[in-house]
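Excluded from the calculations below are hydrogen atoms, water molecules and symmetry mates; all remaining heavy atoms, backbone and side chain alike, are included. Lettering follows sequence order; numbering is per chain, from 1.
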Amino acid sequence: MKKSGLYKGCLEPIILKLLDDNGRMYGYEITQKVKGATAGELVITEGALYPLLHKLESEGVLEVEVENIGNRVRKYYSLTKTGKKAKSKALTELENFSNTLQLLLNPKLA
Amino acid sequence: MLTYIQTQKIEAWFEENGLKYFDLRQEYVDHLSEAIIQRMKCQLITFEESFDEEVKMFNNKDLNLQNFEAGLGYEPKEEWSYFTVSRVIIILSLYGLFILPGILLNATLLIFVELLYLSAGVMVLFIFFQKYKAANKKPGRKLSVLNMDSLWGWIFPIIYIVFRILYFQGNHVQSISEEKGQMSFYFIVFCLLFFGVAFFARMNYLNDIYRNAKKSYPQLFKFPKYAE
């Protein structure tokens with residue numbers, strides 16, 4: 001991620017949420033979706049994305065489908081049942097984290 | 001849509017830059033291909049121009065990190081799993097079969113034992129070829145002599161010839177220094193046998209990985225370069 005190290009810990013919930021919303025996605029698609037949705041504010045590099053996708057796949061959070069696209073293959077990632085639970089948990093954690101930050105940064109609003 | 005040659009160029013670039021894992025490389029090839037296509041569409045430029053621009057986005061640090069992470073699951077002990085107790089006993093028995101005649105028999109009897117070994121070797125080869133023929137009705141030109149199945153066809157004669165050479169060498173050394181020469185000869189035979197079996201064990205291990213990968217990701221193996 002180029003823009004800020006603060007996003008680093010949020011990458012997993014972001015990917016899980018995206019996959020939950022879109023069904024199945026491939027690596028490049030994920031990077032472009034994030035870039036588009038944040039108007040270029042958050043850029044996920046391949047070096048950050050793929051290790052995380054592979055880690056989640058090995059943990060059984062994601063499942064993979066491989067398809068032929070012309071002269072190459074494409075790996076599509078989607079959430080497993082465990083993944084859906086993990087997504088809810090990760091989003092709740094992120095929300096709690098955000099609320100805690102609000103308490104610290106902007107006590108009046110919180 | 002990129003051509004086959006263009007896709008191969010992308011893969012070759014990743015290979016040259018150290019991305020050694022096949023499945024990981026395939027994923028990166030797709031990623032870069034898609035990025036190149038998008039750039040070609042947006043900027044109306046050629047593949048070569050787009051390729052040169054896009055590869056600048058990748059740095060060696062990232063690729064090395066990917067390699068490192070992909071290799072974390074590697075367990076060297078698995079490569080030794082071939083050496084079960086029964087196989088170790090078989091290897092030691094084979095070693096004994098090679099060595100004991102040299103210790104126990106005189107020169108005349110030794111010739112008969114060698115003839116017996118040679119006949120057994122020919123028989124093993126014959127059985128192998130029969131099985132190979134039955135399994136591969138029309139092997140065609142594509143079959144490599146280096147693949148696992150055909151390996152037995154040429155490895156045994158080589159082992160036998162090497163054994164013969166070493167035997168004469170051993171005798172020669174023996175004539176110089178009786179005990180020392182014999183020991184070094186037996187040690188060479190043992191090493192030869194051990195490394196031969198270790199080589200097969202590794203081939204077997206790699207073959208297993210290949211088969212499992214093919215079973216898990218059949219789509220990856222549909223391209224001419226990787227098709228059997």
Side-chain angles (χ1 to χ4, degrees), chain A residues 1-3 5 7-9 11-12 14-15 18-19 22 24-78 80, chain B residues 1-11 14 17 19 21-39 41-42 47 54-55 57-73 213-227:
Chain A
M1 278 181 287
K2 283 174 187 171
K3 289 287 182 178
Y7 290 118
K8 237 176 187 175
L11 191 54
E12 189 174 321
I14 290 170
I15 290 173
L18 271 177
L19 289 172
N22 295 280
R24 63 171 203 170
M25 294 174 90
Y26 55 96
Y28 182 79
E29 193 182 6
I30 294 172
T31 59
Q32 294 309 297
K33 205 93 174 174
V34 172
K35 197 176 167 185
T38 59
E41 178 62 25
L42 179 56
V43 181
I44 305 176
T45 62
E46 306 75 32
L49 175 71
Y50 289 111
L52 181 60
L53 287 175
H54 299 154
K55 181 184 137 270
L56 293 172
E57 184 193 349
S58 66
E59 287 171 357
V61 175
L62 301 182
E63 58 187 354
V64 169
E65 284 172 80
V66 184
E67 275 183 22
N68 278 2
I69 308 290
N71 296 311
R72 59 184 194 273
V73 286
R74 177 166 288 169
K75 264 173 100 173
Y76 284 98
Y77 293 91
S78 56
T80 59
Chain B
M1 184 67 71
L2 300 182
T3 65
Y4 181 70
I5 302 292
Q6 287 167 338
T7 314
Q8 289 300 298
K9 182 182 173 170
I10 296 169
E11 189 179 351
F14 280 120
N17 282 275
L19 209 57
Y21 294 102
F22 175 74
D23 52 345
L24 194 62
R25 216 162 52 224
Q26 293 303 307
E27 198 159 23
Y28 264 76
V29 167
D30 180 48
H31 189 104
L32 186 56
S33 301
E34 199 60 34
I36 287 172
I37 292 169
Q38 293 309 320
R39 190 179 281 272
K41 276 182 194 166
C42 293
F47 166 79
E54 281 298 331
V55 292
M57 310 278 182
F58 290 87
N59 60 56
N60 279 349
K61 190 186 157 196
D62 267 353
L63 294 178
N64 287 334
L65 186 72
Q66 292 278 300
N67 257 335
F68 174 73
E69 298 217 12
L72 284 179
K214 200 171 174 182
K215 201 175 162 189
S216 307
Y217 302 107
Q219 300 285 349
L220 283 175
F221 295 84
K222 282 192 176 171
F223 295 107
K225 188 180 169 186
Y226 306 104

Q: Only one of B/V29, B/I10, B/T7, B/I5 clears side-chain contact (heavy atoms from CB on, under 4.5 Å) with A/N71; which?
A: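 For A/N71, the side-chain contact (heavy atoms from CB on, under 4.5 Å) check succeeds only for B/T7.
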Q: Is atom NZ of A/K33 surrounded by more than 12 heavy atoms (other residues, nucleotides or ligands) closer than 6.0 Å?
A: no
Q: Could you look at B/L24 and say if it's the side chain, the backbone, both or neither that has a heavy atom under 4.5 Å from chain A?
A: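 Side chain of B/L24 only, per the 4.5 Å heavy-atom cut-off to chain A.
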Q: Which distance, rounded to the nearest 0.5 Å, do you find between the CD of A/E46 and the CG of B/L32?
A: 8.5 Å
Q: Once rounded to the nearest 0.5 Å, what's the spacing between atom CZ of A/R72 and atom CD of B/E27?
A: 12.5 Å
Q: Once you measure the plane-to-plane angle for B/H31 and A/Y28, does it fall in the parallel (<30°), tilted (30-60°) or perpendicular (>60°) bin?
A: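 Rings of B/H31 and A/Y28: perpendicular, over 60°.
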Q: I'd like to check B/E34 versus A/Q32 (side-chain heavy atoms, cut-off strictly below 4.5 Å). Are they in contact?
A: no
Q: Where on A/T31 is there a heavy atom nearer than 4.5 Å to chain B: the side chain, the backbone, both, or neither?
A: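 Answer is side chain: those atoms of A/T31 sit under 4.5 Å from chain B.
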